[in-house]
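Residue numbers count from 1 along this sequence. None of the values given here were measured: they were computed from a predicted structure. These values consider heavy atoms only, across backbone and side chains, with no hydrogens, waters or symmetry-generated copies.
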Amino acid sequence: MTDRFVVGYDGSEAAQRALDFALERAAAQGAIVVIAHVLEWSPYSFLTPTELEERHKRRTEELDRAEKSLIAPAKAAVEGRGVPVETVLRYGHIADTLCDVAKKQGAAQLFIGRNGHSPFGSRVFGSVAGSLVQTAPVPCTIVP
């Protein structure tokens, strides 16, 4: 059975470092890399039917934009590296959704890049890395 490595990807330099690191490991182990991008989307209550329709339209536009401007270029940039690459694009809370993607993909490992927010900012706002290391269903590698 081939391992699957899920990489949380947002187009940042940190995410690119995580993707490169995961690709190196995947090449050495014969694994598949799954590039996963999560669009943060907060659920709202008490929306009118018109607001729900507008929200759905915006969500569809954002998914399309993320696919064209982020996911497709990332996949194209790594296709010549000899590692099978798949992509996943989801809405939700980033850490929770990445954990869900890892479970559904049967991932052996999850990779994300550390973006370098200050310790104060992480304490106030939380961090995806901090959440993942506490809740990930598989080993989680944080790439500096």
Open item on the list: Could you check whether Asp96 pairs with Arg90 (Lys NZ or Arg NE/NH1/NH2 to Asp/Glu carboxylate O, under 4.0 Å)?
Closed with: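 No, this pair does not count.
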- [ ] Please determine if Glu86 and Arg4 form a salt bridge, counting it only when a charged side-chain N lies under 4.0 Å from a carboxylate O.
- [x]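 Yes, charged N to carboxylate O under 4.0 Å.
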Would you say the side chain of [Y] lies within less than 4.5 Å of the side chain of [X], judging by non-hydrogen atoms?
X      : Y      : answer
Leu19  : Val33  : yes
Ile112 : Val128 : yes
Ile32  : Val83  : no
Gln109 : Asp3   : no
Leu70  : Tyr9   : yes

Considering non-hydrogen atoms only, spot the tightest contact between [X] and [Y] and give its length.
X      : Y      : value
Val7   : Ala18  : CG1-C, 4.1 Å
Leu110 : Ala136 : CD2-CB, 4.3 Å
Pro137 : Ala102 : CG-CB, 4.3 Å

Task: Geometric cation-pi criterion Arg17 and Phe21, 6.0 Å radius, 45° cone - done: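 No - Arg17 does not lie over the ring of Phe21 by the 6.0 Å and 45° rule.
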Task: Modelled atom types, side-chain donor and acceptor of Glu40 and Tyr91, under 3.5 Å - done: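 No donor-acceptor contact under 3.5 Å links the two side chains.
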Task: From CA spacing to verdict: salt bridge (Lys or Arg N to Asp or Glu O under 4.0 Å), Arg81, Asp20 - done: CA-CA 10 Å; Arg81 294 181 62 176; Asp20 290 340; 3.0 Å; yes
Open item on the list: Just checking Glu13: does its CD atom have more than 12 heavy atoms from other residues, nucleotides or ligands closer to it than 6.0 angstrom?
Closed with: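 Counting other residues, nucleotides and ligands, CD of Glu13 stays at 12 neighbours or fewer.
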